[in-house]
2 protein chains.
Amino acid sequence: MTKTSPSPEAIAAWARLMRVSRQLVERTEDALKAKGLPPLAWYDVLHELAEAGEGGLRPFELIDRVLLAQYGVSRLLARMEADGLVEKLPVSDDGRGQTVRITASGREMRRRIWAVYGACIADRMDGRLSAQDLKTLAGLLGRLRHPPASD
Amino acid sequence: MTKTSPSPEAIAAWARLMRVSRQLVERTEDALKAKGLPPLAWYDVLHELAEAGEGGLRPFELIDRVLLAQYGVSRLLARMEADGLVEKLPVSDDGRGQTVRITASGREMRRRIWAVYGACIADRMDGRLSAQDLKTLAGLLGRLRHPPASD
DNA sequence: TCCTTGTTGATGCAATTGCATCTATATGGA
DNA sequence: TCCATATAGATGCAATTGCATCAACAAGGA
């Protein structure tokens, strides 16, 4: 039988986590909107595809990386393809699937989003916490992750 | 001129924060859905109204507390009123406004949600971090908040 | 009083999301 | 081969959200 009642410390940390993460996301999304740039989820996809290189990624591989549902990935990729940011290629050994690759203008868009996104992160994180505190924070958050981070 | 390029530590902490908070929310929402209970936002409203007591709250007072847009609060309250969880009362000294108060079945719903929500918090937070670590985490997160927490 | 401006809350419409399901292909066993 | 089951991705429809705007009242000055 698992413990069902959280400690006051757990409640306080949870409340802070919920509120702060939402604030940070909202402010960042607002900054992107103000520049006429697409939402954070687009950056996540562009980032993953850029990391993946020429081989690209299969849509199902994006599901866990960007924490979207399968239909979310499907529709997000459709919109991004319509905007010319990614391209879909048939995959030879699996007739069901496709490979998604970032395009040149996708890379350009990624740079433009990062100019705003990176500045938000610098402002909100570096502006408030020391490098050491940021490491401590990342370590603690890592232990909340599923599966827990080892570091 | 603000710094525009985040440190590696800031990026790592940000990435952890984004990912962990989304995971925690998603798991909690799933647990609620599995029990046929409404989303977390409903709990937030019920919680605030319960804290506010008999006097209730004006809808605009909920905006910052639950981090929803004005129209989000308006529509969420409409749904909750339709479900009998809250009631709207005209307010005497301002003909535009209304006061929202939690009902008995709202309190009951709050209890039912907390049974699941609290268990999630206990499992995810107390199950992973010590009370001391939770305090440290809350303190660090507090400094990211806007406005920064003093503790 | 009248007019202008600000505040509170609701809503029409378009975009997005969630849910369930569908098509197409793959895989493995009878 | 044939069939049952699993996997990859798309999509119809309903619910929710975002954006812009609206209506109603408030507040303050001319």
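Below, chain A is the first sequence line, B the second, and so on; all start at residue 1. None of the values given here were measured: they were computed from a predicted structure.
Of all nucleotides listed (D:dG9, D:dC25, D:dG18), D:dG9 comes nearest to the side chain of A:Phe60. Which of C:dG12, C:dT25, D:dA26 sits closest to the side chain of A:Arg96 comes down to C:dT25. Taking every side-chain heavy atom of B:Asp94 into account, D:dA26 is the closest of C:dT17, D:dA26, C:dT25.
The separation between B:Ile63 atom CD1 and D:dT17 atom P is 15 Å, rounded to whole Å. Remark: C1' of C:dA10 and CG of B:Leu68 are 16 Å apart, rounded to the nearest angstrom. Rounded to whole angstrom, the span from the CE atom of A:Met80 across to the C1' atom of D:dA10 amounts to 18 Å. Rounding to whole angstrom units, CD of residue B:Glu29 and P of D:dA15 are separated by 18 Å. Summarising the geometry, the separation between CZ on B:Arg75 and P on D:dC19 is reported as 12 Å, rounded to the nearest angstrom. Rounded to an integer number of Å, the gap from B:Leu67 CG to D:dT17 P is 14 Å. Per the geometry, CG belonging to A:Leu76 stands 14 Å off C1' belonging to D:dA10, to the nearest Å. Taking atom OH of residue A:Tyr71 and atom C1' of nucleotide C:dC22, one finds them 16 Å apart after rounding to whole Å.
If you check every strand for non-hydrogen atoms under 4.0 Å, B:Arg58 touches sugar and phosphate atoms only.
Checking the phosphate oxygens (OP1, OP2) of C:dC19, a side-chain nitrogen or oxygen of B:Lys33 falls inside 4.0 Å. For B:Ser74, a side-chain nitrogen or oxygen approaches OP1 or OP2 of C:dA10 to under 4.0 Å. For B:Lys88, a side-chain nitrogen or oxygen approaches OP1 or OP2 of C:dA10 to under 4.0 Å.
Within a 6.0 Å radius of NZ in A:Lys88, more than 12 heavy atoms belonging to other residues, nucleotides or ligands are found. In the displayed structure, B:Arg58 atom CZ is contacted under 6.0 Å by more than 12 heavy atoms of other residues, nucleotides or ligands.
Evaluation of atom-type donor-acceptor distances gives a pair under 3.5 Å for the side chain of B:Gln70 against the base of C:dA10.
Taking for each of A:Asp93 and A:Ala69 the nucleotide of DNA chain C with the nearest heavy atom, the 5'-most of the two is the partner of A:Ala69. The 5' end of DNA chain D is approached more closely, in terms of each residue's nearest nucleotide, by A:Gln98 than by the other of A:Gln98 and B:Trp42. Residues B:Arg79 and A:Pro59 both approach DNA chain D. Their nearest nucleotides, taken by heavy-atom distance, put A:Pro59 toward the 5′ side.
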- Item | Candidate pair A:Val100 and A:Glu87, rule side chain to side chain contact (heavy atoms under 4.5 Å, CB included), full reasoning | CA-CA 6 Å; A:Val100 183; A:Glu87 58 188 349; over 6 Å; no
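Considering every non-hydrogen atom in both A:Leu40 and A:Thr28, the closest pair reads CD2-CG2, 3.9 Å.
Between A:Tyr117 and A:Trp114, the two ring planes are perpendicular [angle over 60°; tilted spans 30° to 60°].
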